Amino acid sequence: MSIFGKVVGAILGLILFRNFVGVLIGAFAGHLFDLSVMQKRAPARASSFIEPLFAFAGALAKSDGRVSELEIKAAEALMDRLRLDADMRRMAIDRFNVGKAPEFDVHLTVAELKAWARGRRDLAFLLLDMLLDLVYAEGTLAANKLGMVRKLCWALGVSDMELGAITAMKGYGQRYQGPRGEAPGQRTSRNSVPTADPYVILGITQSAEPRDIKRAYRKLMSQHHPDKLGNVPEELKHRAESRAREINTAYERIKNERGFT
């Protein structure tokens, strides 16, 4: 974390105002300067998403005060999913530990992830998909974790509704309530397994008109198309393919229940 701007700003504030309030104003202005410098440097360091991803994951795990065994296992499972070799795995563990440190500044990491995504929503969705298993590793969603994820979403240009859709596709968050009055929050199939709410997956309300449903479906299929991902690990392409299938299944379910083609 850079403190150059803060120190210089505090000194200038003291010289100009000659009181403590001036020091605070100067330090705050210096803080904004430090953030701008970090964001400008981020693109050069964002050629790989692995380092900032696991640094953010470490900060995310530590955000509620402690890192649990379940969170460590979720981070290790992500390393397995990405098929990291021994060197990359050591680097990921190192960055995870750096992210856990109390003095770690998450702003630079968010800027690096934003630079890696390059404004592409499909890559932004991939980042969130990878992090959600860690977010929900302990079963419940802590407020601090949600706050961090929302900050990342804001930087990536992802709305709360889109985050909810990704969360539903991962099997977390809201569950589907069927049209015939099944138990609240879920729809019961013959094997009694609840399924994700198709409206949440498409990011629409149950009162949406057919034309709006079709528009949402086409937009999501375009955003989650695996062929557009480029040079990313095969596991991420497989996950994008899985999301595309889930979107298509949700759309078909709504069409069948609403009776339109």
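We use all heavy atoms of the structure for the numbers below, so side chains are in, but hydrogens, waters and symmetry mates are not. This one's a predicted model, so the numbers in the text were calculated from it and none came from an experiment.
Side chain of E252 to backbone of T249: no donor-acceptor contact under 3.5 angstrom is found. The backbone N or O of I254 lies less than 3.5 Å from no partner atom in the side chain of E257, so there is not a single donor-acceptor pair. Side chain of D133 to main chain of A74: no donor-acceptor pair is present (N/O by atom type, distance under 3.5 Å, no hydrogens or angles).
For the salt bridge (Lys or Arg N to Asp or Glu O under 4.0 Å) test, no residue two or more places apart in sequence or in another chain qualifies with R258. Taking the side chain to side chain contact (heavy atoms under 4.5 Å, CB included) definition, one finds that D129 meets it with R81, K170, R239, R243, sequence neighbours left out. Shown here are the salt bridge (Lys or Arg N to Asp or Glu O under 4.0 Å) partners of D85, two or more places apart in sequence or in another chain: there are none. Listed by chain and residue number, N248 satisfy the side-chain hydrogen bond (donor to acceptor under 3.5 Å, both in side chains) test with Y217 (two or more places apart in sequence, or in another chain). Evaluation of the side-chain hydrogen bond (donor to acceptor under 3.5 Å, both in side chains) rule for D94 yields no partner, not counting sequence neighbours. A search for ring pair (Phe, Tyr, Trp, His ring centres under 6.0 Å) contacts involving F56 returns nothing, not counting sequence neighbours. Qualifying side-chain hydrogen bond (donor to acceptor under 3.5 Å, both in side chains) partners for K114, counting only residues two or more places apart in sequence or in other chains: none. The side chain to side chain contact (heavy atoms under 4.5 Å, CB included) check on K151 picks up nothing, with sequence neighbours excluded. Remark: N256 pairs with no residue by the side-chain hydrogen bond (donor to acceptor under 3.5 Å, both in side chains) rule, at least two apart or across chains. For R245, the salt bridge (Lys or Arg N to Asp or Glu O under 4.0 Å) criterion is met by no residue, not counting sequence neighbours. With sequence neighbours excluded, the residues forming a salt bridge (Lys or Arg N to Asp or Glu O under 4.0 Å) with R66 are E138, listed by chain and number.
For the atom pair CH2 of W154 and OG of S159, the computed distance is 14.5 Å after rounding to the nearest 0.5 Å. Once rounded to the nearest 0.5 Å, the distance linking OH of Y251 with CG of L202 reads 9.0 Å. Atom-to-atom distance recorded for F125:CZ and E162:CD is 4.5 Å, nearest 0.5 angstrom. Going from atom CG of D122 over to atom CG of L127 covers 10.0 Å, rounded to the nearest 0.5 Å. Here CG of L126 is found 5.5 Å from CE of M130. Values are rounded to the nearest 0.5 Å. One distance of note links OG of S63 with CD of E71; it measures 7.5 Å at 0.5 Å rounding.
When side chains are defined from C-beta on, C153 counts as touching L128, because their heavy atoms get closer than 4.5 Å. Using a 4.5 Å cut-off on side-chain heavy atoms (C-beta onward), F104 and V98 make contact. In this structure the side chain of H107 never reaches within 4.5 angstrom of the side chain of V110, judged on heavy atoms. I247 places a side-chain heavy atom less than 4.5 Å from the side chain of I201.
Between G203 and M161, the closest heavy-atom pair is O-SD, 2.7 Å. Residue V158 comes nearest to L163 through the heavy atom pair CG1-N, 4.0 Å, listed as atom of the first residue, atom of the second, then distance. Shown here for L131 and L60, the closest heavy-atom pair between the two residues is O-CD2, 4.4 Å. A59 approaches V106 most closely through the heavy-atom pair CB-CG2, 4.4 Å. The shortest non-hydrogen separation linking L113 to L156 is O-CD2, 4.1 Å. Of all heavy-atom pairs between V200 and A168, the closest is CG1-CB, 3.6 Å.
Between K73 and E76 no salt bridge is recorded (no basic side-chain N to carboxylate O distance below 4.0 Å). A salt bridge does not link R253 to D197: none of the charged nitrogens lies less than 4.0 Å from a carboxylate oxygen.
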Legend entry - Step-by-step side-chain contact (heavy atoms from CB on, under 4.5 Å) determination, F49 to E112: CA-CA 8 Å; F49 66 92; E112 288 178 321; over 6 Å; no
Inset, instruction - Please assess V67 against F96 for the test side-chain contact (heavy atoms from CB on, under 4.5 Å), listing each intermediate value before the final yes or no. - result: CA-CA 11 Å; V67 180; F96 186 86; 4.3 Å; yes
Inset, instruction - Could you check N97 against K100 for side-chain contact (heavy atoms from CB on, under 4.5 Å), going step by step and ending with a plain yes or no? - result: CA-CA 5 Å; N97 290 331; K100 293 190 302 181; 3.2 Å; yes
Inset, instruction - Applying side-chain contact (heavy atoms from CB on, under 4.5 Å), run through N144 and K62 and close with a yes or a no. - result: CA-CA 9 Å; N144 289 342; K62 186 67 174 180; over 6 Å; no
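Residues Y172 and Y136 bring their aromatic ring centres within 6.0 Å.
Linking Ile, Leu, Val, Met, Phe, Trp and Tyr residues whenever their side-chain heavy atoms come within less than 4.5 Å leaves L70 and L132 in two separate clusters.
For residues 198-215, the salt bridge (Lys or Arg N to Asp or Glu O under 4.0 Å) pairs, not counting sequence neighbours, are D212-R215.
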